[in-house]
Number of protein chains: 2
Amino acid sequence: MGENVNPHAHFASICELHLPDHLMPETANLADLCRKHGRRLTGQRRIIADVVSAAHDHPDVIEIHRRAAAIDPGIALSTVYRTLRMFADIGLIETHTFEGGRARVEQATGEHHDHLIDITTGKVIEFRSDAIERLQTEIARRLGYRLTGHRLELYAEPIPGRASPVRRKAR
Amino acid sequence: MGENVNPHAHFASICELHLPDHLMPETANLADLCRKHGRRLTGQRRIIADVVSAAHDHPDVIEIHRRAAAIDPGIALSTVYRTLRMFADIGLIETHTFEGGRARVEQATGEHHDHLIDITTGKVIEFRSDAIERLQTEIARRLGYRLTGHRLELYAEPIPGRASPVRRKAR
DNA sequence: TCGCTTCTGCAAATCATTTGCAATAAGGAT
DNA sequence: ATCCTTATTGCAAATGATTTGCAGAAGCGA
Ligand SMILES: [Mn+2]
Ligand SMILES: [Mn+2]
Ligand SMILES: [Zn+2]
Ligand SMILES: [Zn+2]
């Protein structure tokens, strides 16, 4: 981890994390990718793309609309929905439906990870455990299946005493 | 499969399964439990309870309504919703929201387990892996949290050649 | 059986998300 | 820079799942 000024620094740095710094901020302009996929780069799409790229807190659709509207008050919620769905369709973003509520979004990084949701604050913490990933594939196999996807969400509360959960920096 | 008449036979028998037969069919009358919780045992509740107890396929609310209506055509969908929510509130059943679609229900057994969803048929297969359970607790701990709950769903397709997935019987 | 509540059926209300449509704006071609 | 075709947008209405208000119906302890 080091002098991690990386916007993805919140990505759980323990738990067998395998995201080399130079690979992490897959900041490949969402807007450009959008164009690259033959879609028109409209003003609202550019804004929504920027909002999503800048977000590192898994905002939900309403929140994204709020942030986008702060830049262009004219943007319609339906446009946000349509744009996000389009981004998801071409694989630029991922959407999650944690317990209850609206779908939450994050820019796709290519690197798979799962989430831990702090039930006291709603904060989402990312992590990756190859051990668990392997285990899931193995379980499916034993059941006679080939794993094609999965959903793993941990709901937890901070351990008191433990100064703000692990977000330890440098070393 | 085989002389396995146990309604829970579909519960993955491999994967470190820890559900001794004599403990499995937690067939403690849902209806009775309902009464025990101070609620009135109405005709429709009795029927819904029976439908849920008899189901071993994680039916969704509409399906439960369909089965209940087959017994008493007068049962309203809203009653099914209200009753299921009530059952869930007092811990008699568990509801899951697998990818897309309505909530699916199952009678609570006290024994925790996770699910593998056959993406080709929608069939739900139950399993339990203590290794994964442990790993989840450990990951949360390392992140500074105490695990209070989790959601683990495996989406997979049958491995061709492998005669109908593992549902192998006795020994 | 009586009476007090708790329930139920029905319709309307919510909530999140999608969609029809006319007006508007990309962006490749003049 | 101007056209022109066609994708995209804003708005309102539509969906789909689940909840809720309400008046009448039904539990159940006395
Ligand atoms: Mn994430
Ligand atoms: Mn189950
Ligand atoms: Zn994972
Ligand atoms: Zn589990």
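Given the structure is predicted, the values throughout are model-derived calculations rather than measurements. Every chain is numbered from 1, with letters handed out A, B, ... down the list of sequences.
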* To do: To the nearest 10°, let me know how far the axis at one end of the helix from C:dT1-D:dA30 to C:dT30-D:dA1 is tilted from the axis at the other, five pairs an end.
  => 30°

* To do: Would you mind listing every salt bridge (charged side-chain N to carboxylate O under 4.0 Å, His left out) that reaches into residues 64-73 of chain B, with sequence neighbours excluded?
  =>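 Non-adjacent pairs meeting salt bridge (charged side-chain N to carboxylate O under 4.0 Å, His left out): B:D57-B:R67, B:E63-B:R66, B:E63-B:R67.
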
Taking atom [atom2] of [N] as reference, at what distance in whole Å does atom [atom1] of [X] sit?
X	N	atom1	atom2	result
B:H37	C:dT6	NE2	P	18 Å
A:L77	C:dA16	CG	P	10 Å
A:M86	C:dT18	CE	C1'	16 Å
A:R85	C:dT17	CZ	P	10 Å
A:R45	C:dG27	CZ	C1'	13 Å
A:L41	D:dT9	CG	P	10 Å
A:I48	D:dG10	CD1	P	8 Å

* To do: Please figure out whether B:R46 or B:I62 has its closest DNA chain D nucleotide nearer the 5' end.
  => B:I62

* Test item: side-chain donor near acceptor, B:E126 and B:H113, under 3.5 Å ->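 Indeed, the side chains of B:E126 and B:H113 share at least one donor-acceptor pair under 3.5 Å.
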
* To do: Report yes if at least one side-chain N or O of B:Q44 is closer than 4.0 Å to OP1 or OP2 of D:dA26; otherwise report no.
  =>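 False: B:Q44 side-chain N/O out of range (4.0 Å or more) of D:dA26 OP1/OP2.
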
* Scan A:G74 against the nucleic acid and name what it touches under 4.0 Å (heavy atoms): base, sugar-phosphate only, or nothing. => sugar-phosphate

* Asked: How is B:T42 classified with respect to the nucleic acid when contacts are heavy atoms under 4.0 Å: base, sugar-phosphate, or nothing?
  -> sugar-phosphate

* Provide the full list of side-chain hydrogen bond (donor to acceptor under 3.5 Å, both in side chains) pairs with a residue in residues 33-47 of chain B, sequence neighbours left out, each pair given once. =>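 Counting only pairs at least two positions apart or across chains, no side-chain hydrogen bond (donor to acceptor under 3.5 Å, both in side chains) contact touches residues 33-47 of chain B.
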
* Is any side-chain N or O of A:R40 under 3.5 Å from a base N or O of D:dT6, one able to act as donor and the other as acceptor? ->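 Checked by distance alone, the answer is yes.
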
* Can you find a donor-acceptor pair, distance only, under 3.5 Å between A:R35 side chain and C:dG28 base? -> no

* Asked: When you measure from the side chain of B:R82, which nucleotide among C:dC7, C:dG9, C:dC21 comes out closest?
  ->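 Selected nucleotide: C:dG9.
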
* SB check A:R134 A:E138 (cutoff 4.0 Å) -> no

* Asked: Could B:R102 and B:D60 be called an ion pair, given the rule that one side-chain N must be under 4.0 Å from one carboxylate O?
  ->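 Between B:D60 and B:R102 there is a salt bridge, with a charged N closer than 4.0 Å to a carboxylate O.
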
* Does A:H112 have its ring centroid less than 6.0 Å away from the ring centroid of A:H150? -> yes

* Working for side-chain hydrogen bond (donor to acceptor under 3.5 Å, both in side chains), residues B:E94 and B:H58 -> CA-CA 10 Å; B:E94 275 175 33; B:H58 303 75; over 6 Å; no

